[in-house]
Every structure is written in C-alpha cells, then in structure tokens.
A.B. asks: 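Quick one: the structure is below, questions incoming.
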Amino acid sequence: MSESNKNIKRLGIMGGTFDPIHYGHLVTAEEARGRFNLDKVVFVPSGKPPHKKGYRVTEARHRYLMTILAVATNPYFEVSRVEIDRSGYSYTVDTVNQFYEHFDDVELYFITGADAILEILTWKNVEELLSKTNFIAATRPGIELTQLDEVVKKLPVPAYDVIHPLEVPAMAISSTDIRSRVAEKRSIKYLLPEAVEHYIYKNRLYVED
C-alpha cells in the first residue's frame with residue numbers, strides 16, 4: 001500500500017456501469033466529495049453487473065478507458081479495475097471488502113443513484129454492507145426523497161445514519177439517452193467530456209454494425 005493511501009481517511013467509491021460515463025456522474029462525484037469531505041473518489045466501472053442481466057453492456061475495456069479519459073483532469077478522482085478484473089458478477093459487498101483490504105482505518109462512502117438504492121433490499125449481503133459502508137444516494141428526476149424513507153424503514157438494520165440523500169440536478173443526464181442519441185445520429189456534445197465523445201465515435205460504440 002502506498003503512503004498516499006495511508007493518508008486517506010474518507011474515501012468515496014463511485015460505482016456504476018459507466019456505459020458511457022457522463023457529466024452527471026462527474027458532477028455527482030464532485031458534489032459528494034465536497035459535501036462529505038472525501039479525500040478521494042475512486043470510480044469503479046462494473047465488470048459483470050448483476051442488475052444488467054439480459055441487457056447488452058459494452059465491453060469492460062471500453063467503459064474503463066472512457067472513465068479514465070473523463071476523470072483525468074481531476075486530481076481527486078481515480079479509476080479502479082477491481083470489478084473488471086474480478087471474475088463472476090460484480091457485487092458491491094465484494095468491492096467494499098476489497099477496498100477495506102487495501103486501505104488502513106478508512107471510512108467508505110459508496111456513491112450511486114437513488115434509484116439503485118431503492119433496490120438495495122435485493123443486493124447481496126445487504127446487512128453486512130450497511131454495517132460497513134455509508135451510502136450517498138444521488139437523486140434523479142422522478143425519484144422523491146420520501147421513496148428513500150420508505151425503503152429505509154424496510155431495511156433489516158437501522159440505516160438512517162448510513163444512507164445520505166444528495167440532490168444533483170445534473171443527474172437528469174443519462175447513459176441510456178446518450179446511447180440512443182448516438183444510435184440515432186443525434187448530438188451528444190456537452191453531455192459528457194469531449195475526450196469521451198471522441199472515444200465513442202472513434203470506436204463506433206452504440207451503433208448497429
């Protein structure tokens with residue numbers, strides 16, 4: 001473990017498919033970093049997302065490289081291959097445990113969309129997760145904070161102090177919409193970093209062969 005890792009006490013983990021990564025993800029990570037005084041945010045592209053069964057997901061290497069391009073200018077952002085390199089489905093509990101193995105005395109904050117938190121009861125080993133990790137639930141359009149309250153009430157352990165809502169207007173941008181725009185030959189400019197836009201076009205992602 002590097003000396004810099006030893007100095008990290010509050011670490012954000014930004015989980016997601018990132019297919020593709022866009023400004024909504026980046027704004028959310030930066031807002032979470034400031035709001036919760038995080039020393040660093042590590043973006044973790046999902047390797048084999050269990051919630052995407054039956055859906056076509058772009059190759060992990062493309063999603064990883066796009067994430068690298070997107071975060072390159074922010075010294076507080078990093079990208080990890082931990083889920084891409086791990087075999088089997090990418091479960092959050094396994095990722096959290098791996099981060100605890102590499103960081104001394106760290107407090108983890110898992111950053112994701114509030115819509116994902118609404119499904120947290122279906123996650124693997126949810127009780128273990130809630131006992132180890134803080135969750136930052138970034139709100140998306142159409143998701144009311146009262147919906148989160150209803151989920152928290154159903155959790156098997158007290159979770160009011162570990163699930164934190166975060167309102168992020170930029171979450172109106174979606175990867176699904178970006179993929180559709182590319183397929184329909186519509187502009188995606190200003191929805192995501194220019195380097196990621198060029199990567200998508202250069203590698204002919206999201207277009208039918």
Side-chain angles (χ1 to χ4, degrees), residues 10-36 38 41-58 63 67 80 82-83 86 88-99 107-180 191-192:
R10 296 165 72 92
L11 179 69
I13 302 175
M14 183 76 180
T17 311
F18 304 130
D19 194 14
I21 189 168
H22 53 68
Y23 280 130
H25 298 126
L26 300 173
V27 170
T28 297
E30 183 65 12
E31 183 70 12
R33 187 182 71 82
R35 184 78 62 84
F36 296 92
L38 305 179
V41 176
V42 180
F43 287 69
V44 183
S46 181
K48 189 177 180 182
H51 62 290
K52 297 286 186 177
K53 295 176 182 177
Y55 291 87
R56 181 179 177 180
V57 178
T58 303
R63 294 184 287 108
T67 307
S80 170
V82 64
E83 290 193 358
R86 193 170 65 227
Y89 284 110
S90 301
Y91 292 109
T92 300
V93 66
D94 297 328
T95 299
V96 165
N97 286 331
Q98 282 192 258
F99 271 89
E107 186 176 5
L108 294 183
Y109 287 77
F110 191 86
I111 309 165
T112 189
D115 52 345
I117 296 297
L118 294 180
E119 304 296 326
I120 198 170
L121 285 169
T122 67
W123 292 20
K124 179 183 177 183
N125 295 2
V126 64
E127 290 190 45
E128 179 183 353
L129 265 177
L130 292 170
S131 69
K132 292 181 173 181
T133 316
N134 294 282
F135 285 87
I136 299 174
T139 57
R140 298 174 182 269
I143 301 293
E144 299 292 338
L145 295 183
T146 53
Q147 292 177 261
L148 282 178
D149 291 336
E150 291 303 312
V151 170
V152 169
K153 291 176 184 177
K154 298 176 183 177
L155 293 174
V157 293
Y160 282 103
D161 57 342
V162 296
I163 296 181
H164 312 282
L166 179 69
E167 295 188 23
V168 184
M171 288 299 285
I173 303 172
S174 79
S175 297
T176 301
D177 179 57
I178 291 172
R179 293 195 300 271
S180 296
L191 296 177
L192 69 181

A.B. asks: List the atom of E83, the atom of S90, and the distance in Å for their closest heavy-atom pair.
C.D. replies: OE1-CB, 3.2 Å
A.B. asks: Side chains of N125 and Y91, heavy atoms from C-beta outward: is any pair under 4.5 Å?
C.D. replies: no
A.B. asks: Looking at side-chain heavy atoms only, is the closest gap between L130 and I120 below 4.5 Å?
C.D. replies: yes
A.B. asks: Hey, what do you get for CD1 (I111) to NE2 (H164), rounding to the nearest 0.5 Å?
C.D. replies: 11.0 Å
A.B. asks: How far apart are the closest heavy atoms of P20 and S175, and which atoms are they?
C.D. replies: O-OG, 2.7 Å
A.B. asks: Shortest non-hydrogen contact from R63 to T67?
C.D. replies: O-OG1, 2.7 Å
A.B. asks: Before you tell me yes or no, could you show the steps for T95 and R86 under side chain to side chain donor-acceptor pair (under 3.5 Å), namely the whole-Å CA-CA distance, both residues' side-chain angles and the distance that decides it to 0.1 Å?
C.D. replies: CA-CA 9 Å; T95 299; R86 193 170 65 227; 3.1 Å; yes
A.B. asks: Looking at OG1 of T139 and CG of L166, how far apart are the two atoms once the value is rounded to the nearest 0.5 Å?
C.D. replies: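 Answer rounded to 0.5 Å: 7.0 Å.
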A.B. asks: May I ask you to decide if the ring planes of H25 and F18 are parallel, tilted or perpendicular, using 30° and 60° as cut-offs?
C.D. replies: perpendicular
A.B. asks: Could you grab the distance from atom CD1 of I136 to atom CZ of F36, nearest 0.5 Å is fine?
C.D. replies: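 I136 CD1 to F36 CZ: 4.5 Å, rounded to 0.5 Å.
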A.B. asks: Might you point out which heavy atoms bring Y89 and P50 nearest each other, and give the distance in Å?
C.D. replies: CD2-CA, 3.7 Å
A.B. asks: Any donor and acceptor pair, going by atom type alone, linking the side chain of R33 with main-chain N or O of G12 inside 3.5 Å?
C.D. replies: no
A.B. asks: Taking the side chain as every heavy atom from C-beta outward, state whether T92 and T112 have any pair of such atoms under 4.5 Å apart.
C.D. replies: no
A.B. asks: Looking only at heavy atoms, which two atoms of F43 and A29 are closest? And how far apart?
C.D. replies: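 Looks like CZ-CB, 3.5 Å.
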A.B. asks: Classify the ring geometry between W123 and F135 as parallel (under 30°), tilted (30 to 60°) or perpendicular (over 60°).
C.D. replies: perpendicular
A.B. asks: For a quick test of reading the model, state the closest non-hydrogen atom pair linking K124 to L129 and the distance between them.
C.D. replies: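 So the two residues come closest at O-CD1, 4.0 Å.
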A.B. asks: My understanding is that only one of T133, V93, V96 makes a side-chain contact (heavy atoms from CB on, under 4.5 Å) with E128; could you say which?
C.D. replies: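 Exactly one option meets the side-chain contact (heavy atoms from CB on, under 4.5 Å) with E128, and it is V93.
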A.B. asks: Spell out, as yes or no, whether a donor-acceptor pair under 3.5 Å connects the side chain of R179 to the backbone of D19.
C.D. replies: yes
A.B. asks: Could you tell me if the side chain of I178 sits less than 4.5 Å from the side chain of I173, heavy atoms only?
C.D. replies: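 Yes, close enough: below the 4.5 Å cut-off.
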A.B. asks: What I'd like to find out is whether the side chain of L118 reaches to under 4.5 Å of the side chain of L148, using heavy atoms alone.
C.D. replies: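 Side-chain contact under 4.5 Å: yes.
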